Amino acid sequence: MSQTPVVELCGIDTLFAGRHVHRDLNLRVEAGQIVGLLGGSGSGKTTLLREMLGLLHPNAGSVRLFGFDLNHADPLKQRAVRRRLGMLFQQGALFSALSVFDNIAFPLRELKCLDEDWIRRLVHLKLAMVELETAHGKLMPAELSGGMIKRVALARALALEPELLLLDEPTSGLDPDRSQNFVDLVGALQKELGLTVVMVTHDLNTLAGLATHVAVLADQHIIAFGPKDEVMTVDHPFVTGFFGADRRKLL
Ligand SMILES: Nc1ncnc2c1ncn2[C@@H]1O[C@H](COP(=O)(O)OP(=O)(O)OP(=O)(O)O)[C@@H](O)[C@H]1O
């Protein structure tokens with residue numbers, strides 16, 4: 001018997017001002033997969049991540065995480081489900097008025113059941129996980145490089161030890177070296193922590209370095225899903241245009 005999928009989107013319709021962004025969209029992500037979500041600009045990728053986070057409810061269809069329907073579960077259950085996922089926003093979305101330490105401590109303090117001594121130990125552990133030092137905890141977000149912002153945001157996303165990690169353009173704004181380091185870090189943590197990952201990316205190297213599977217969002221739904229070597233041979237204008245002559249990079 002197959003296991004409960006980590007993410008299951010069924011028949012999703014999303015409309016803004018009467019215009020469909022998603023129409024009868026379906027996606028099933030199994031435990032341990034790293035799914036690269038591709039699609040043209042404005043095709044509704046970030047909107048889909050927001051629906052997985054429960055920040056936005058689709059107009060029709062169901063969003064199930066770990067088997068729980070986010071639209072119908074009671075608020076307590078919804079909160080419990082949300083704690084099982086971490087999100088890395090495109091620009092990091094750190095709280096600018098809080099230090100690195102306090103940014104990472106934020107979700108831990110929200111639990112309201114850990115004393116400060118535990119929080120300190122956990123924050124230092126998360127800093128080490130993303131290859132930063134304890135001393136970095138004192139810095140403010142404005143003092144960080146682009147790569148460090150991504151690492152701190154990742155440490156915060158991992159604070160509650162999620163099973164599902166959502167990444168929105170994880171390497172955008174990083175130069176090729178930093179981008180490769182970040183891809184290696186996420187890949188190593190994914191293996192170590194057994195994470196399931198859904199990431200939006202436009203970057204072929206990030207996709208090549210991380211994704212086990214690719215989902216293509218076009219024409220308002222997922223037109224292709226599967227291992228990346230299968231998806232890149234799909235005959236669709238977006239797929240052909242995206243992979244173009246670089247198809248071999250992914251193999
Ligand atoms: N809250 C909102 N209100 C109205 N329209 C919205 C809202 N959020 C998104 N949209 C619209 O929905 C469409 C999809 O947006 P979304 O940000 O999900 O696309 P995307 O695929 O992530 O794009 P990009 O790759 O450019 O970031 C866009 O046309 C956007 O303007």
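Model, not experiment: these values are computed from the prediction. The analysis underlying the following values was restricted to heavy atoms, covering all of them including side chains, and did not include hydrogens, waters or symmetry mates. In listed order, ligands and their atoms are each counted from 1.
Rounded to the nearest 0.5 Å, atoms OG (S41) and NE2 (H202) are 6.0 Å apart.
Of the heavy atoms in R19, only side-chain atoms (C-beta onward) come closer than 4.0 Å to ligand 1.
The nearest heavy-atom contact from the protein to atom 25 (O) of ligand 1 is K45 NZ, 2.7 Å. With respect to atom 17 (O) of ligand 1, the closest heavy atom belonging to the protein is T46 CB, 3.8 Å. Of the protein's non-hydrogen atoms, F16 CD1, 3.7 Å is the one closest to atom 11 (C) of ligand 1.
The backbone N or O of L53 lies less than 3.5 Å from a partner atom in the side chain of R82, making a donor-acceptor pair. Judged purely by atom type and a 3.5 angstrom limit, D69 has no side-chain atom pairing as donor or acceptor with the backbone of R64. Put simply, the side chain of T201 gets close to the backbone of D203: a donor and an acceptor are under 3.5 Å apart. Listed for the R151 side chain is a donor-acceptor partner under 3.5 Å among the backbone atoms of V130. Counting only distance, with no hydrogens or angles, the side chain of T196 and the backbone of G32 share a donor-acceptor pair below 3.5 Å.
By the 6.0 Å and 45° rule, R156 stacks over the aromatic ring of F95.
Using 4.0 Å as the threshold, G40 has a heavy atom nearer than that to some atom of ligand 1. For S43, the closest heavy-atom approach to ligand 1 falls below 4.0 Å.
Residue T47 has at least one nitrogen or oxygen atom sitting less than 3.5 Å from a nitrogen or oxygen atom of ligand 1, judged on distance alone. Looking at ligand 1, you won't find any N or O of V21 less than 3.5 Å from one of its N or O atoms.
Heavy-atom proximity to atom 14 (C) of ligand 1, evaluated over S41, G39, A17, G42, is greatest for G42.
No side-chain donor-acceptor contact under 3.5 Å links T14 and T47. Checked by atom type, the side-chain pair T46/D168 shows a donor-acceptor distance below 3.5 Å.
Protein heavy atoms are found less than 4.0 angstrom from atom 6 (C) of ligand 1. Under the 4.0 Å distance rule, the nearest protein heavy atom to atom 31 (O) of ligand 1 falls outside the cut-off.
Residue G44 has at least one heavy-atom neighbour below 4.0 Å for each of these atoms of ligand 1: 14 (C), 16 (P), 18 (O), 19 (O), 20 (P), 21 (O). Short contacts between ligand 1 and H202, defined as distances under 4.0 Å to a heavy atom of the residue, involve ligand atoms 25 (O).
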